[in-house]
Number of protein chains: 2
Amino acid sequence: MSISGDDLLTMLSALASPHRLRIMATLKAEGRSYVSQLARQVGISRPLLHLHLQKLEEAGLVTSQMELSPDGKALNFFAVADFAVELTPDLLVQAAATLSAKSES
Amino acid sequence: MSISGDDLLTMLSALASPHRLRIMATLKAEGRSYVSQLARQVGISRPLLHLHLQKLEEAGLVTSQMELSPDGKALNFFAVADFAVELTPDLLVQAAATLSAKSES
DNA sequence: AACATGTGTCAGTAAATTCTTACATGTGTC
DNA sequence: GACACATGTAAGAATTTACTGACACATGTT
């Protein structure tokens with residue numbers, strides 16, 4: 001079985017951004033990181049990072065996990081998910097066939 | 001050798017659109033098609049298709065070729081290019097490292 | 001000449017994203 | 001209590017992207 005057109009679209013949209021590409025790379029290199037720390041590492045504001053992380057998580061590209069630090073602070077750790085999509089013309093043909101009506105625009 | 005961060009970004013942005021996904025699929029299924037015909041096949045206006053084709057061609061996903069039809073009309077034929085990109089976390093790490101300064105936002 | 005079909009482009013609008021600023025909340029420490 | 005650091009979210013501005021409609025031009029046919 002393969003990826004659905006809508007899922008592929010969500011994934012591509014999520015990755016089609018310099019910020020989000022850097023977020024993914026930093027996160028992968030770092031292993032895992034929590035929001036405020038990651039914001040400093042990537043060099044963008046926390047609210048902005050939060051927005052991008054939402055998109056990435058919605059696409060299934062990252063996972064999050066709330067944890068309590070030794071000193072009692074709630075930290076939301078993110079890590080990149082495992083994925084592998086072979087982007088080829090044939091995949092697009094197959095994916096486009098399962099595009100929902102909502103994606104008409 | 002692998003794909004540059006900027007090129008990957010261009011490619012992902014080009015594919016992250018329902019219309020352009022359908023254009024690619026139709027074009028691949030059809031083999032080749034000229035602008036006006038493709039517009040009818042996909043069901044969008046010609047100026048809009050023209051815009052999308054520009055993005056796709058700029059990303060190297062399609063190629064175009066002007067030809068004269070038997071009755072003397074200039075037809076601009078498009079076809080999908082051959083490409084294969086394995087989308088994985090590791091590729092993103094490698095690609096993000098070569099992101100140009102322009103892509104800072 | 002008028003029509004049908006092909007090409008491209010530009011101006012203006014509509015819509016979707018992106019980003020900033022500010023707020024609200026919680027916990028441990030000085 | 002004030003501070004430092006963590007969380008999330010909401011409103012509005014700024015920017016980008018998408019789309020429509022009209023124009024200009026060319027060729028073969030009626």
Side-chain angles (χ1 to χ4, degrees), chain A residues 6 9-24 30 32-59 61-79 99 102-105, chain B residues 6 9-24 30 32-59 61-79 99 102-105:
Chain A
D6 288 359
L9 208 49
T10 303
M11 183 182 188
L12 292 174
S13 301
L15 291 177
S17 148
H19 276 171
R20 292 195 288 268
L21 228 48
R22 276 203 201 82
I23 291 168
M24 290 294 288
E30 209 70 21
R32 63 203 297 256
S33 188
Y34 60 93
V35 184
S36 291
Q37 188 183 46
L38 185 54
R40 289 187 291 264
Q41 291 166 334
V42 177
I44 64 179
S45 76
R46 196 175 51 79
L48 181 54
L49 174 62
H50 190 267
L51 186 100
H52 287 311
L53 285 174
Q54 275 188 319
K55 277 226 159 95
L56 291 172
E57 188 167 26
E58 187 187 331
L61 296 169
V62 301
T63 58
S64 70
Q65 194 176 353
M66 266 289 192
E67 284 181 30
L68 280 175
S69 69
D71 59 328
K73 276 169 194 141
L75 308 181
N76 199 4
F77 279 92
F78 280 80
L99 271 179
K102 297 177 197 165
S103 318
E104 299 261 306
S105 329
Chain B
D6 287 358
L9 208 50
T10 303
M11 183 181 189
L12 292 174
S13 301
L15 291 178
S17 148
H19 276 172
R20 291 195 286 269
L21 228 48
R22 277 202 200 82
I23 291 169
M24 290 294 287
E30 209 70 22
R32 63 203 298 258
S33 188
Y34 60 93
V35 185
S36 291
Q37 188 183 49
L38 186 54
R40 290 187 291 264
Q41 292 166 335
V42 178
I44 64 179
S45 75
R46 195 175 51 80
L48 181 54
L49 175 62
H50 190 268
L51 187 98
H52 286 312
L53 284 174
Q54 274 188 321
K55 276 228 160 95
L56 290 172
E57 189 168 25
E58 187 187 331
L61 296 168
V62 301
T63 58
S64 69
Q65 194 176 354
M66 267 289 192
E67 284 181 29
L68 280 175
S69 69
D71 61 327
K73 274 168 195 142
L75 309 181
N76 199 3
F77 278 93
F78 280 80
L99 270 179
K102 298 177 196 165
S103 319
E104 299 260 308
S105 329

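We name chains A, B, ... by the order of the sequence lines, and we start the count at 1 in each one. Computation of the quantities below employed the complete heavy-atom set of this structure, encompassing side-chain atoms and omitting hydrogens, waters and symmetry-equivalent molecules.
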Can you give the dot-bracket line for DNA chain C, using ( ) for pairs inside the strand, [ ] for pairs that cross earlier ones, | for pairs with another strand and . for unpaired bases, where Watson-Crick and G-U count if both distances are under 3.5 Å?
-> ||||||||||||||||||||||||||||||
Using a cut-off of 4.0 Å on non-hydrogen atoms, how would the nucleic acid contact of B/His52 be classed: base, sugar-phosphate, or nothing?
-> sugar-phosphate
Closest heavy-atom pair and its distance - B/Ala39, B/Leu49 = N-CD2, 3.3 Å
Taking every non-hydrogen atom, the tightest pair across B/Gln41 and B/Ser33 | OE1-OG, 3.2 Å
Residue-phosphate contact under 4.0 Å: B/His50 side-chain N/O, D/dC19 OP1/OP2 = no
Smallest separation among heavy atoms of A/Ala16 and B/Leu9, with atom names = C-CD1, 4.0 Å
Whichever of B/Leu75 and A/Asp71 has the more 5' nearest nucleotide on DNA chain C, that residue is B/Leu75
Spacing of B/Leu68 atom CG relative to C/dT7 atom C1', expressed in whole Å = 11 Å
B/Gln54 CD - C/dT9 P separation (whole Å) = 6 Å
Of all the nucleotides listed (D/dA18, C/dG8, D/dG8), which has the minimum atom distance to the side chain of A/Met66?
-> D/dG8
Would you kindly give the CZ-to-C1' distance between B/Arg40 and C/dG6, to the nearest whole Å?
-> 9 Å
Among A/Gln54, A/Glu57, A/Arg32, whose side-chain hydrogen bond (donor to acceptor under 3.5 Å, both in side chains) with A/Ser64 holds?
-> A/Glu57
Please test A/Glu67 against A/Tyr34 for side-chain contact (heavy atoms from CB on, under 4.5 Å), starting from the C-alpha separation and ending with a verdict.
-> CA-CA 9 Å; A/Glu67 284 181 30; A/Tyr34 60 93; over 6 Å; no
B/Leu75 side chain near B/Leu68 side chain, heavy-atom distance below 4.5 Å = no
Can you tell me the distance, in whole Å, between the CG atom of A/Leu48 and the P atom of C/dT17?
-> 15 Å
Within less than 4.0 Å of OP1 or OP2 of C/dG6, is there a side-chain N or O belonging to B/Asn76?
-> no
B/Arg46 side-chain N/O to C/dT5 phosphate OP1/OP2 under 4.0 Å = no
Over how many whole Å does the gap from A/Leu38 atom CG to D/dA6 atom C1' extend?
-> 14 Å
Can you find a side chain N or O atom of B/Ser36 that sits less than 4.0 Å from OP1 or OP2 on C/dT5?
-> no
Separation of D/dG21 P from B/Leu51 CG (nearest whole Å) = 15 Å
Neighbour count >12 (heavy atoms, 6.0 Å) for atom CD, A/Gln37 | yes
Atom OH of B/Tyr34 to atom C1' of C/dT5: distance rounded to whole Å?
-> 8 Å
How close or far is atom P of D/dT7 from atom CD of A/Glu67, stated in whole angstroms?
-> 12 Å
Phosphate OP1/OP2 of D/dA18 contacted by B/Lys55 side-chain N/O (<4.0 Å) | yes
